[in-house]
Amino acid sequence: TRTHPPNKLLERVFRITRRHNTIDLTGSVAIIDGHASEKNFENEVFQVTFTAGKQENKKFYSIFMSPSEEIPEEEIQNLKASLGITIEGDGSLFKIINFETDFKLSFDLYNSVAIDSLGIQKGVVYFKNQDSTRKEIRLPYRKRKRNTQQLNK
């Protein structure tokens, strides 16, 4: 899915993976002079926006992250104070430790694209407080019906 203007140069490809409450950007690439590499991505700075609340009561908090740097403690404390969300880690692998209300996390896709994966579309990840995260990301599984009469013979 194209999420960047067609006349703009593509600079980043986000490969976002969610495992429970951990966001992993391993495999993301940056494109410099037509050459895409994970090493280039380590030097990038991108914006991640946390949004909580509904309609007129929405609150936002944005953090500029770099894959090669820890998230600054000041940003962690400001996010906790603003939206009640506690995180830790760096720009390439960070964990949502705690959150008070449902929220969404969105990656700024200006001149970038995000590869859709399980639970992540167009660079947006939803976190719901009521449901277990494990339930949300579990792959559908159908139990195979067995013929119990054949097993007893």
Side-chain angles (χ1 to χ4, degrees), residues 1-55 57-141:
T1 305
R2 180 175 284 231
T3 55
H4 67 285
N7 59 346
K8 294 288 183 184
L9 189 62
L10 186 62
E11 295 175 356
R12 285 187 284 290
V13 177
F14 287 105
R15 183 179 299 271
I16 306 164
T17 308
R18 175 180 176 179
R19 287 186 191 88
H20 307 295
N21 284 353
T22 301
I23 302 298
D24 185 355
L25 298 178
T26 302
S28 297
V29 297
I31 303 165
I32 298 175
D33 296 329
H35 183 264
S37 78
E38 290 181 38
K39 188 76 174 159
N40 290 344
F41 186 76
E42 291 176 14
N43 299 320
E44 289 289 304
V45 175
F46 52 88
Q47 182 176 327
V48 178
T49 302
F50 297 81
T51 308
K54 301 206 185 245
Q55 301 297 326
N57 294 330
K58 276 190 181 178
K59 292 181 182 178
F60 303 90
Y61 190 82
S62 294
I63 298 176
F64 285 99
M65 294 186 181
S66 173
S68 59
E69 295 177 10
E70 291 288 317
I71 300 168
E73 186 61 32
E74 180 183 354
E75 294 286 14
I76 292 170
Q77 293 307 318
N78 289 343
L79 178 62
K80 186 175 182 178
S82 298
L83 303 178
I85 300 169
T86 307
I87 62 173
E88 69 177 11
D90 60 40
S92 65
L93 181 70
F94 59 95
K95 184 174 184 176
I96 311 299
I97 304 291
N98 193 17
F99 56 98
E100 296 169 5
T101 62
D102 297 354
F103 73 96
K104 76 176 181 180
L105 181 151
S106 53
F107 289 81
D108 179 20
L109 296 181
Y110 181 76
N111 288 355
S112 302
V113 67
I115 299 170
D116 290 351
S117 62
L118 188 61
I120 302 162
Q121 289 189 320
K122 296 183 181 174
V124 177
V125 186
Y126 291 92
F127 288 84
K128 298 202 180 283
N129 213 3
Q130 297 115 352
D131 300 320
S132 164
T133 306
R134 288 181 176 208
K135 283 184 188 174
E136 284 182 37
I137 62 171
R138 220 179 245 169
L139 290 171
Y141 173 76

Counting N and O atoms only, with roles assigned by atom type, does the side chain of [X] sit under 3.5 Å from a partner on the main chain of [Y], one being a donor and the other an acceptor?
| X | Y | value |
| --- | --- | --- |
| D102 | N129 | yes |
| D90 | S66 | no |
| T86 | K80 | no |
| S117 | I120 | no |
| S112 | Y110 | yes |

[X] vs [Y] side-chain heavy atoms within contact, under 4.5 Å:
| X | Y | result |
| --- | --- | --- |
| T22 | L93 | yes |
| D33 | H35 | no |
| L118 | R18 | no |
| F50 | I96 | yes |
| E38 | V29 | yes |
| I23 | I16 | yes |

Which heavy atom of [X] sits nearest a heavy atom of [Y], and at what distance?
| X | Y | result |
| --- | --- | --- |
| A114 | G123 | CB-N, 3.6 Å |
| Q121 | D116 | CA-OD1, 3.4 Å |
| S28 | R15 | OG-N, 2.8 Å |
| P67 | E44 | CD-O, 3.2 Å |
| S106 | V124 | CB-CG2, 3.9 Å |
| F127 | V125 | CE1-CG1, 3.6 Å |

With a cut-off of 6.0 Å (strictly less than), are more than 12 heavy atoms of other residues, nucleotides or ligands near CD of E74?
-> no
Does CD in Q47 sit with more than 12 non-hydrogen atoms of other residues, nucleotides or ligands closer than 6.0 Å?
-> yes
Any chance you could measure [X], atom [atom1], to [Y], atom [atom2], to the nearest 0.5 Å?
| X | Y | atom1 | atom2 | value |
| --- | --- | --- | --- | --- |
| I63 | I87 | CD1 | CD1 | 4.0 Å |
| F60 | T51 | CZ | OG1 | 5.0 Å |
| E70 | M65 | CD | CE | 11.0 Å |
| E88 | I97 | CD | CD1 | 3.5 Å |
| I85 | F103 | CD1 | CZ | 4.0 Å |
| S92 | E69 | OG | CD | 11.0 Å |

Test ring-ring contact (aromatic ring centres under 6.0 Å, His included) applied to F14 and F46, step by step = CA-CA 10 Å; F14 287 105; F46 52 88; 5.3 Å; yes
Without hydrogens or angle criteria, can the side chains of Y61 and E75 be said to hold a donor-acceptor pair below 3.5 Å?
-> yes
